[in-house]
Amino acid sequence: MIAAIVVDVPSGSVNKTFDYKVPEQWEKWAEPGMRVIVPFGPRKLQGFILELKNSSDVKGLKNIIEILDPLPVLTSELIELGQWLAGHTLSFYITTYQAMLPAAMKATYEKFFVVLKQENLPEHLAVSFPRHGELSFNEVMKEFPDQLNEYLSLVKSGTLDVIYKVKDKANKKKVKFVSILNKELAAELLKENQKKAEKQRAVLSELLYRPPGDYLMQDILVETGASLPTVQALAKKGIVQIEEKEVYRDPYKGRNIKQSEPLPLTDNQLDAIKPILNSIENDQHDTILVHGVTGSGKTEVYLQSIQAVLDKGKEAICLVPEISLTPMMVNRFKGRFGSRVAVLHSGLSVGEKYDEWRKILRKEVSVVVGARSAAFAPFTNLGIVIIDEEHESSYKQEDHPRYHARDVSIWRGKYHSCPIVLGSATPSLEAYARAKKGRYILSELKSRVHSNPMPEVKIVDMREELKSGNRSMFSNDLMEMMKDGLKKREQTVLFLNRRGYASFILCRDCGYVAECPHCDISLTYHKRNAALKCHYCGYQETIPSACPSCASEHIRFFGTGTQKVEEELAKVLPEARVIRMDVDTTSKKGSHERLLTAFEKEEADILLGTQMIAKGLDFPKVTLVGILAADTMLHLPDFRASEKTFQLLTQVSGRAGRHELEGKVIIQGYDTEHYSIQLASQHDYHSFYDYEMKTRKLHQYPPFFYLGLLTFSHPDLMQAVDASEKAASFLSSRLSEQSIMLGPVTSPIARIKDRYRYQVMIKYKNEPELGNWFEEIIFHFQKDKSMKDLQITAELNAQTLM
DNA sequence: AGCACGCCGACT
DNA sequence: GTCGGCGTGCTC
């Protein structure tokens, strides 16, 4: 039997399968989708079996060294999906398959020297070798780099050998259990009433006191005050038995989740769920866009759709933007489906993710709630995929493979002939356009549950405030309403899409702006550690006391970040209790949830934060939402700037007045006439859609055209320009007439981490060869050794131009 | 990606 | 004469 295997080398020249013999003893066992270890040249590498066959064109096949999995970790569906996805995203097969599995299953490699002829090993080197005779190559490199050559020549002379080890990062958590093995011996030892082995006897009497069975070692040790060696001694005598059992880490241990029953649906929700249930009923693949205003009860629609899928004995995936951001969502799923739910998100440790994932593989769960990568959950009888907040940019992975969870889900929906549900209060233009064209089924939830009104939104032009003498960052209206809220013991959410303290520093005398020396981007001032930080490469420097350019001391901070707002709040509303949530306050594990829980328990009056408080939060006492700088995103060099602004304003506004109390929203900004701000304040998605579609059509952007993007980066500007020009001329002679090429031009961020960035953009409707041309370009420059510092990224369906 | 193999310049 | 620099091409 022969296995076609992709090996763990992310490189174009080995982006294919290699054939290996399956040793006879494993022929019954081997299956496509299993991980294996194979010899590859002089090395040992991990790989995936993609196919089993009877013959090969290659002579002199090597044997598979080891099969790593008792069951395939990639289903046949995922193997097929990977083939498609690798082509679609211009990624290598191995990278794509690895993206489908938890990080814990990726191999790590280590090289060792081993002693072959002890007698030939010089004394000064022999002392470095541990007893078992293996010395890590890396250790030599680190500790004794000047001895490396000596080691290598010993390898040549046959005194030493080099061996390669493949390690699995996966750590199955094991827990020890203890049980009585021989009751008679135990009783005997207990009768020996000596001072000796007092602890051993304590352990035995504890075990004999309990009904026969396996007990947690930890419990027994704590109960008796004995230590592990004591019990091990008993095991040696054959009196007790110690067993290790695998257990799952439970990230939600000790949490009390209230069980919930399906709620009666409103007429609105019943209408919305109808097409979904219809697809489920008929095992049909449809993509259904649920456009529901904030607070319209989309989640309940999801939950009941999933219930219908489970009732048919099928499985469900629900994707959410970044689940650690919404513990509420997890609770709602666990509350409804209990232990049938696995949760996969970035807040979990590598081991926790691995455990949750194995529950899916072993069919111990039938519902998965998770972020982007959960789209690959290895279900075999998938009945629905729901993508909540479909418009979110985090569904697109920004490194290889650059996949979009929506595309992956729709592929799987076709494969399993099951519905894909996209839900959003502010659908992406792409999705809504497809729904209007009839490619997706449109399902609208037009009003909030219990007919709560949409919050009343007021736009405040901060230029007017300034004219009337208010120089603070809070308008008079917002200030009054925050005070009012405090009086009534209601809560406020304040949103500002910028962390740190000030966005940039400027010299008032010469106009100098502090910029990152490695990136073309201004530095952000962080007050807590008195530093200027680059949000792109992490560069930090201390604040200059004088202008580095003209030595003037008139340095001013401009732009406001969450830190500064927090400080200002303490001054103007000292009685208000404020919780600040941004990357800086939530970096520690669990801090996110802790802050939200505190706000939920009304331990604070004001929740101040960035993007991360924009969605999914549902607090009954929140009656006021203040958006401090609504127009900051508007002027970014991004064709989605208006769309993103509209989405964000709508999402944030939606946090207000979701229950009995009515909500109010204040939007502050300078460019307040802009249509995305005006229409968001009127909760008018449809007008926004119409208007924005016109501008997209006019400028030939998605969804009218796809965007192909080639970015060239090089430490030397001219090299980057040169490469991009060559690529552009290569492409321009091949592109069809309908396509438009822009560039080469500098990227919106012209330099990151000391690399200059140039790009070529292709707007196209149908260009089936474009992917191949991109690959040809990459291949061409890979061969060109004069360009070895050149990096190229290629994308067929770019979401942003940054 | 690594690694071996192979072909040219600077030393014992 | 050999050691070692890195350019080239292969890995079932």
Side-chain angles (χ1 to χ4, degrees), chain A residues 1-24 26-27 30-68 79 83 86 90-99 103 105-114 136-142 145-167 169 399-401 775 778-793:
Chain A
M1 189 196 276
I2 287 156
I5 288 166
V6 273
V7 293
D8 187 5
V9 179
S11 161
S13 47
V14 290
N15 191 32
K16 54 174 188 146
T17 58
F18 287 81
D19 290 345
Y20 287 87
K21 274 191 290 196
V22 180
E24 218 166 287
W26 290 333
E27 283 199 356
E31 272 183 70
M34 288 178 173
R35 291 174 308 150
V36 291
I37 294 175
V38 291
F40 194 66
R43 298 181 285 166
K44 276 196 238 169
L45 294 176
Q46 200 183 80
F48 294 96
I49 303 180
L50 292 198
E51 198 195 329
L52 291 171
K53 49 191 186 179
N54 293 317
S55 66
S56 170
D57 300 334
V58 185
K59 287 195 186 69
L61 297 186
K62 293 183 181 174
N63 273 323
I64 289 174
I65 294 174
E66 196 182 336
I67 297 185
L68 294 171
I79 291 176
Q83 304 284 321
L90 308 178
S91 305
F92 305 127
Y93 297 118
I94 191 68
T95 321
T96 307
Y97 289 125
Q98 277 168 350
M105 300 181 78
K106 194 172 173 313
T108 53
Y109 302 96
E110 215 179 340
K111 226 163 91 176
F112 293 89
F113 291 114
V114 288
S136 148
F137 189 92
N138 279 334
E139 210 170 291
V140 176
M141 292 275 266
K142 242 197 307 182
D146 41 331
Q147 285 179 13
L148 188 62
N149 281 340
E150 219 173 328
Y151 281 104
L152 290 173
S153 57
L154 286 169
V155 172
K156 249 184 199 158
S157 70
T159 305
L160 295 178
D161 196 8
V162 177
I163 60 163
Y164 298 82
K165 285 196 181 180
V166 183
K167 273 194 290 189
K169 266 182 281 188
D399 43 59
H400 284 293
E775 280 178 343
I778 292 170
F779 183 68
H780 169 82
F781 284 111
Q782 232 165 33
K783 279 196 309 189
D784 186 347
K785 52 202 178 292
S786 69
M787 290 276 201
K788 71 172 163 42
D789 280 330
L790 184 71
Q791 273 175 20
I792 308 176
T793 62

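What you see is a predicted model, and the numbers here were worked out from it, not measured in a lab. Within every chain, numbering begins at 1; the chains are lettered A, B, ... in the order of the sequence lines, protein sequences first and strands thereafter.
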(request) Mind checking F40(A) for me? I need base, sugar-phosphate or nothing, with any heavy atom below 4.0 Å counting as a touch. (result) base
(request) Report which part of the nucleic acid S56(A) touches: base, sugar-phosphate, or nothing (heavy-atom distance under 4.0 Å, all strands). (result)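 Contact class for S56(A): none.
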Sidechain-backbone polar pair: [X] side chain, [Y] backbone, donor-acceptor under 3.5 Å:
X: Y20(A); Y: L61(A); answer: no
X: R35(A); Y: M105(A); answer: yes
X: Y164(A); Y: P39(A); answer: no
X: N15(A); Y: Y93(A); answer: yes

Once you round it to whole Å, what is the distance between [atom2] of [N] and [atom1] of [X]?
X: N15(A); N: dA1(B); atom1: CG; atom2: C1'; value: 13 Å
X: Q46(A); N: dA1(B); atom1: CD; atom2: P; value: 18 Å
X: D8(A); N: dA1(B); atom1: CG; atom2: P; value: 12 Å
X: K16(A); N: dA1(B); atom1: NZ; atom2: P; value: 16 Å
X: F137(A); N: dA1(B); atom1: CZ; atom2: C1'; value: 14 Å
X: H400(A); N: dA1(B); atom1: NE2; atom2: C1'; value: 15 Å

(request) Could you list the residues that satisfy salt bridge (charged side-chain N to carboxylate O under 4.0 Å, His left out) with E110(A), not counting sequence neighbours? (result)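 Per chain and number, E110(A) pairs via salt bridge (charged side-chain N to carboxylate O under 4.0 Å, His left out) with K167(A).
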(request) Please determine if K44(A) forms a cation-pi arrangement with F40(A), meaning its NZ or CZ atom is less than 6.0 Å from the six-membered ring centre and no more than 45° off the ring axis. (result) no
(message) F137(A) and ring pair (Phe, Tyr, Trp, His ring centres under 6.0 Å): which single residue from F112(A), Y151(A), F113(A) fits?
(response) F113(A)
(request) Ignoring backbone atoms, test whether Y164(A) places a side-chain nitrogen or oxygen under 4.0 Å from the OP1 or OP2 oxygen of dG2(B). (result)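 Result: no.
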(request) Using the heavy-atom set of chain A and a strict 4.0 Å cut-off, write down the first and last nucleotide of DNA chain C that makes it in, 5' to 3'. (result) dT8(C) to dC12(C)
Restricting to nitrogen or oxygen on both sides, can you table the protein-nucleotides 8-12 of chain B pairs closer than 3.5 Å?
none

(message) Side chains of Y97(A) and I79(A), heavy atoms from C-beta outward: is any pair under 4.5 Å?
(response)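 In short, these two side chains touch, coming nearer than 4.5 Å.
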(message) Within a 6.0 Å radius of atom CZ on F779(A), are there more than 12 heavy atoms belonging to other residues, nucleotides or ligands?
(response)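 Not buried by this count: 12 neighbours or fewer within 6.0 Å.
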